[in-house]
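Heads up, the thing below is written out as structure tokens.
As the structure is a computational prediction, the values presented were derived from the model and not from experiment. All residue numbers in this chain count up from 1 along the given sequence. Read the numbers this way: they start at 1 and go in the same order the structure lists the ligands and their atoms.
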Amino acid sequence: MTPTPIASKSIPKASRAILDPANIEYTSDKQKRAVAELVEDFTVTPEMLKAIKTNFIESMGKGLERDGETLAMVTSYVMGRLDGSEVGSYLALDVGGTNLRVVSVHLNGGGQIATRQTKYRINENLKVGDAKSLFDFMAVCVDSFLDEHQIVVRGDSQIELGFTFSFPVLQTSINRGTLITWTKGFNASGMVGKDPVAFLQDAFNRRHLPVRVAALVNDTVGTLLAHAYNHPETCMGIILGTGCNGAYIEKMSNITKWKGETPAEEMIINMEFGAFDKERVVLPLTMFDNKMDRKSVNPNKQILEKMIAGMYLGEITRNVLLNLIDRRLLFEGNVSADLNQMWTFETAYMSTIEADNSPTLHATRKILESTLSFSSTTLNDRQVVKLIVELVGKRAARLSAAALAGILEHTGAWQQKAAIGIDGSLFEYYPSFDTDIMDGLEEVFGPEVRKNVSLGLAQDGSGVGAALCALLASKYS
Ligand code: ADP
Ligand code: MG
């Protein structure tokens, strides 16, 4: 079981090349009507955005009152803010969904951080096998990272590690918690209701690694802390990657379910907002969302996440394409063997298609014909595909905006300088995701929100944040 490191790649981010539906030469009135219907079904109007935001704020309130609500509003046990002066060396293990990352973090003070990291892919069998194998794999990755970077620990001392475990966990202390449910395609047996820190520490101990799990961190909390290290006005950490979720700084007096001591006035809340609208009262779900949800490993759960996050957008798009194909309104009714398989239409393809500004939609053609093995495509096919991608992508960004607006309104943070740190490949690479979110915020708060609120990429925030959390943990104890 030797883990294989993944080389990191950097893809420049493009902006969306907008296709006007009025400029498409439709093959038939029927096709034109079908597209118009899709535009209607996938458009989040400003009124809808505000209604979702209002409902979101109500859900936040319920989650702050008691456990077991739709928004878990998990108390992170992270209190106190950072000012960038903190120093020390830590390890971080970031298990996000798609990849596993081991990071060594050196906090040099003055907001300066040096990191070294190695990424490993978590194979599908491990995600749904037994929990012990999954955690043994994590320990193997940390072990090989220590070797690779020649990190040596002397005597009886131990390296402190912050563990970013980005699944819904009911936290009971800074380094204790229990898994509420698996998400994002994971379903390893014997873990729900158990403490992931104990599993990880046991796996380290089995390999005699001199590593102590000092903090259990959600990636949203880590992202908030990481962004705060060099933007002290940070009020929120958001993930837009495989899944979606957010954390923000809440006043202790608003966390009415909190029964513990209150040594500080504020605590970071991990919202678990991907679960929003389990009741399905406000989100504009389409038949394509429902189909994807039904076939996912966690049907009826994480409804908002499934409309926003990277794991799902491609599959929703694929469902729309199949529907048009079955009605003989696209690709002359022919499907390629590849497109006929679930999860083959990757969200990364959507980024390429969105950015495609060539008159013949050359990049789109390449994806359809070279990657997805369509023998040929017409310009009309490619235009319709591009339009559908745009609808699914824009809806995701506008729903993200509704959630962010909810948090900003609840905290009042939009009225002063506020930074939002965002981590995740979807935000990083998807064309115009940031501008779509800002446009949505402006619809809610008016133009001054642009002056106050900034969206910043907190790249690998979850790794750095875990180290910062390990540091905060040792400060308390
Ligand atoms: P994690 O959530 O595991 O920490 P990432 O933040 O890298 O990992 O997010 C991975 C998700 O991002 C995947 O679901 C993938 O579909 C999506 N993704 C990867 N590359 C792109 C891209 N170029 N454009 C849009 N989405 C992408
Ligand atoms: Mg991540």
Side-chain angles (χ1 to χ4, degrees), residues 6-16 92-103 115 117 119-124 126-127 138 141 162-168 182-186 217-227 237-247 270 274 292 296-297 302 305-318 342-356 363 367 371 389-390 392-394 396-397 400 421-434 436 457-466:
I6 305 170
S8 42
K9 56 178 190 275
S10 94
I11 312 164
K13 175 158 169 158
S15 49
R16 163 183 292 138
L93 173 66
D94 176 16
V95 180
T98 304
N99 299 316
L100 178 158
R101 236 179 317 242
V102 185
V103 194
T115 63
Q117 64 157 305
K119 255 191 205 185
Y120 307 88
R121 183 159 308 270
I122 306 172
N123 92 31
E124 299 302 320
L126 280 175
K127 292 184 186 174
M138 296 180 199
C141 292
F163 181 26
T164 308
F165 183 70
S166 304
F167 299 92
W182 283 115
T183 55
K184 298 183 283 193
F186 278 68
V217 197
N218 187 265
D219 51 1
T220 55
V221 177
T223 298
L224 194 165
L225 292 173
H227 204 63
I238 299 291
I239 297 294
L240 295 167
T242 309
C244 77
N245 187 14
N270 159 25
M292 181 267 294
S296 66
V297 299
Q302 302 293 105
E305 175 164 84
K306 285 176 179 154
M307 298 175 91
I308 290 181
M311 178 163 175
Y312 307 102
L313 298 186
E315 182 63 10
I316 298 169
T317 304
R318 195 186 72 92
M342 282 189 76
W343 310 107
T344 48
F345 197 95
E346 293 183 16
T347 303
Y349 304 161
M350 296 173 69
S351 289
T352 308
I353 293 171
E354 286 264 24
D356 189 357
I367 287 175
T371 314
V389 163
E390 217 174 275
V392 175
K394 191 161 192 131
S400 311
I422 310 183
D423 188 14
S425 297
L426 183 69
F427 182 75
E428 187 170 1
Y429 301 123
Y430 203 97
S432 304
F433 218 82
D434 47 354
D436 284 347
L457 180 65
Q459 209 174 15
D460 294 326
S462 19
V464 171

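At a 4.0 Å heavy-atom cut-off, ligand 1 touches A348 through backbone and side chain alike.
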Margin query: Apply side-chain contact (heavy atoms from CB on, under 4.5 Å) to residues E305 and K184 and explain how you reach the verdict.
Written below: CA-CA 9 Å; E305 175 164 84; K184 298 183 283 193; 4.1 Å; yes
Next item on the list: Take V102 and Y120 through the test side-chain contact (heavy atoms from CB on, under 4.5 Å) and record every step on the way to the result.
Entry: CA-CA 8 Å; V102 185; Y120 307 88; 3.8 Å; yes
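Aromatic ring orientation, W182 versus F186: parallel (interplanar angle below 30°, classes split at 30° and 60°).
Those atoms of ligand 1 with a heavy atom of M311 less than 4.0 angstrom away are 14 (O). The G424 neighbourhood of ligand 1 comprises atoms 6 (O), with distances under 4.0 Å to a heavy atom of that residue. If you number the atoms of ligand 1 from 1 as listed, the ones under 4.0 Å from a heavy atom of T242 come out as 1 (P), 2 (O), 3 (O), 8 (O), 9 (O), 10 (C), 11 (C), 14 (O).
To the nearest 0.5 angstrom, I239 atom CD1 is 7.5 Å from N218 atom CG.
Among G310, P431, G185, the residue whose heavy atom lies closest to atom 15 (C) of ligand 1 is G310.
Side chains of N270 and N245: a donor on one and an acceptor on the other come within 3.5 Å.
Between S351 and ligand 1, at least one pair of N/O atoms sits closer than 3.5 Å.
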